[in-house]
Number of protein chains: 2
Amino acid sequence: MEDAQELNHKKDSGQYHIPYYQIPIDKFFQFGLSVDCVVFGYQDGILKILLIKRGAEPFKGQWAIPGDLVYPNEDIDVAVRRILHDLTGLDNLYFEQTKVYGQVDRHPIGRVVTVGYYSLINIENYNPHASAWADSVYWIDVNDVPKLAFDHNLILNNGLKTLRYSVRNRPVGFELLPTKFTIGQLQSLYEGLLNEKYDKANFRKRILSMNMLRELKENQINVPHRPGRLYSFDKEKYDQLKSKGFSFEL
Amino acid sequence: MEDAQELNHKKDSGQYHIPYYQIPIDKFFQFGLSVDCVVFGYQDGILKILLIKRGAEPFKGQWAIPGDLVYPNEDIDVAVRRILHDLTGLDNLYFEQTKVYGQVDRHPIGRVVTVGYYSLINIENYNPHASAWADSVYWIDVNDVPKLAFDHNLILNNGLKTLRYSVRNRPVGFELLPTKFTIGQLQSLYEGLLNEKYDKANFRKRILSMNMLRELKENQINVPHRPGRLYSFDKEKYDQLKSKGFSFEL
DNA sequence: CCAAAAGTGTTCATTCTACACCCATGG
DNA sequence: CCATGGGTGTAGAATGAACACTTTTGG
């Protein structure tokens with residue numbers, strides 16, 4: 001989050017407040033809470049984002065990222081799982097909190113604070129669903145994102161920054177790939193995500209030297225070139241390494 | 001946040017929900033919102049945390065980290081600045097969002113979602129204040145933290161993890177030091193924070209090679225050893241480097 | 001004088017980078 | 001046969017770790 005988490009030295013805006021104890025406590029319990037989730041997928045070398053056409057007011061019919069109000073008796077991560085499930089039919093998706101958006105006027109119908117998330121999904125398993133809050137769902141190239149409802153363009157951009165940062169410092173990129181992948185596919189993913197070029201020999205040595213990939217006894221099939229060896233991410237090995245002080249880099 | 005942001009693959013807890021459209025919209029606007037801030041200071045090689053004795057119910061009289069309800073018409077970062085100002089008399093403090101805590105039952109008087117922050121202050125400028133929500137304020141050694149109100153021990157520990165992570169990847173450590181400091185002081189800070197030992201020659205070379213310190217024409221005074229050259233952090237230079245792709249490490 | 005921390009230079013090992021080369025497949 | 005990406009080895013450069021040595025202050 002090198003970029004997403006800026007140094008923060010801004011001055012107080014000068015807003016004025018009635019002292020705490022002179023305001024009835026009920027006044028403090030009028031916030032709405034929502035979650036909004038930037039869902040990433042990766043296909044043919046292109047990073048894509050799930051956008052919906054909103055099925056409810058406000059901003060009905062407009063583009064938005066998936067999200068919904070949190071129920072009064074619902075934990076926040078349960079709400080995220082609910083939304084992701086309703087949207088994709090998938091459970092156990094990877095997701096991570098990014099940032100809270102709480103501008104007083106960010107929502108037209110009242111004070112709604114929203115918690116931003118990003119989620120990574122393997123596009124091959126994806127199964128689109130409409131739902132109560134989404135008329136329809138589309139994968140959009142990350143470079144073609146239209147104007148979105150609320151402050152969703154901001155949330156999306158911060159989600160993207162966070163993803164780009166996370167992917168260098170934690171082994172999360174694998175979530176975007178099929179379970180079995182070649183080193184070449186992994187390299188293209190990183191190159192696409194970070195907009196860089198790596199030497200294939202060096203990339204290979206680097207990633208294999210981390211000892212967190214399990215080499216399978218299988219190769220690619222039906223490719224018009226020498227088929228690559230398949231690997232899968234070995235979470236147990238990674239956790240073990242991490243506990244010994246190892247830290248993923250690039 | 002290598003550790004603070006865990007891979008998140010938990011299953012849905014199985015909570016059950018009445019469909020969205022059958023619940024009156026008012027029911028969704030009954031959340032309270034608060035901010036809680038882990039305030040770090042550094043003195044004599046020891047990392048310290050500002051704790052308060054709560055001056056209001058619930059948990060009146062108990063240890064807690066500084067925090068307060070957000071006003072219905074108040075932006076969240078304005079609330080953070082307000083709290084830090086009331087607490088320390090200082091403005092323009094460094095602070096950064098960590099994580100949202102939204103467990104349904106985390107607050108005894110209702111559904112209060114809190115946004116966690118950490119803040120860094122130069123202990124020399126510190127000026128303690130009591131306030132509406134704090135009877136008294138103390139610096140506590142990070143290793144002697146008592147049992148705290150609410151889920152504040154959790155918030156504190158996550159704040160500490162975040163600090164330890166940030167300090168390696170962004171030049172935030174300087175916020176804990178006086179404006180003018182020696183390389184030795186900087187090294188001790190890092191050693192204390194991260195619980196490591198560095199070679200002084202190598203540490204010096206490394207930090208100076210980053211070109212983000214301004215060498216002053218002043219030395220330490222009144223020290224019983226050769227006085228060290230004073231430096232200050234040059235934010236302009238750092239921003240310039242960052243925009244050229246430089247990234248702070250350790 | 002001594003203790004204590006500042007500050008510098010050099011050596012050796014490790015890691016990174018660039019690049020050349022061979023391999024296996026489909027068309 | 002070719003094009004395409006898979007896969008390996010190596011030399012030289014850059015970086016990092018360890019450590020010895022000199023300097024300047026107060027007591």
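Letters go in sequence order (proteins before strands), and every chain restarts at 1.
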Please report, rounded to the nearest Å, how far the C1' atom of C:dG7 is from the CG atom of B:L213. 15 Å
In whole angstrom, what separates B:F203's CZ from C:dA6's P? 11 Å
Of all pairs that satisfy salt bridge (charged side-chain N to carboxylate O under 4.0 Å, His left out), the ones with a partner from residues 141-156 of chain A, not counting sequence neighbours: A:R106-A:D151
Kindly point out which of C:dA6, D:dG6, C:dA18 is positioned nearest to the side chain of B:R226? C:dA6
Taking atom NZ of A:K180 as the centre, report whether more than 12 heavy atoms of other residues, nucleotides or ligands fall under 6.0 Å from it. no
Distance criterion of 3.5 Å, no angle test: do you see the side chain of A:K200 paired donor-to-acceptor with the base of D:dG5? no
Does A:P227 or A:D199 map to a spot on DNA chain C nearer the 5' end, using the closest nucleotide for each? A:D199
Would you tell me whether A:Y101 and A:D36 have side-chain atoms, one donor and one acceptor, within less than 3.5 Å of each other? no
Side-chain-base donor-acceptor pair under 3.5 Å for A:K205 and D:dT10: yes
Measure NZ/A:K197 against C1'/C:dT17 and give the value in whole Å, please. 16 Å
Please give, in whole Å, the distance from D:dA14 P to A:N202 CG? 15 Å
B:A201 has its side chain closest, among C:dG7, C:dT8, D:dT25, to C:dT8
Starting at atom CD of A:E249, determine the distance to atom C1' of C:dC16, rounded to an integer number of angstrom. 14 Å
Given A:Y42, A:F174, A:Y231, the one that forms ring pair (Phe, Tyr, Trp, His ring centres under 6.0 Å) with A:F181: A:F174
Quick one: B:I207 CD1 to D:dA17 P, roughly how many Å, whole number? 14 Å
Any idea which of D:dG5, C:dG26, D:dC19 is nearest the A:P224 side chain? C:dG26
Among C:dA18, C:dG7, C:dA24, find the nucleotide with the atom closest to the side chain of B:R229. C:dG7
Rounded to the nearest angstrom, tell me the gap between atom CD in B:E191 and atom P in C:dA5. 12 Å
Taking atom P of D:dT24 as reference, at what distance in whole Å does atom CD1 of B:I221 sit? 19 Å
OP1 or OP2 of D:dT8 versus the side-chain N and O atoms of A:R204: is any pair under 4.0 Å? yes
Side chain to side chain, A:L148 and A:P146, heavy atoms closer than 4.5 Å: yes
Could you tell me whether the phosphate oxygens of D:dG16, OP1 or OP2, come under 4.0 Å of any side-chain nitrogen or oxygen in B:R206? yes
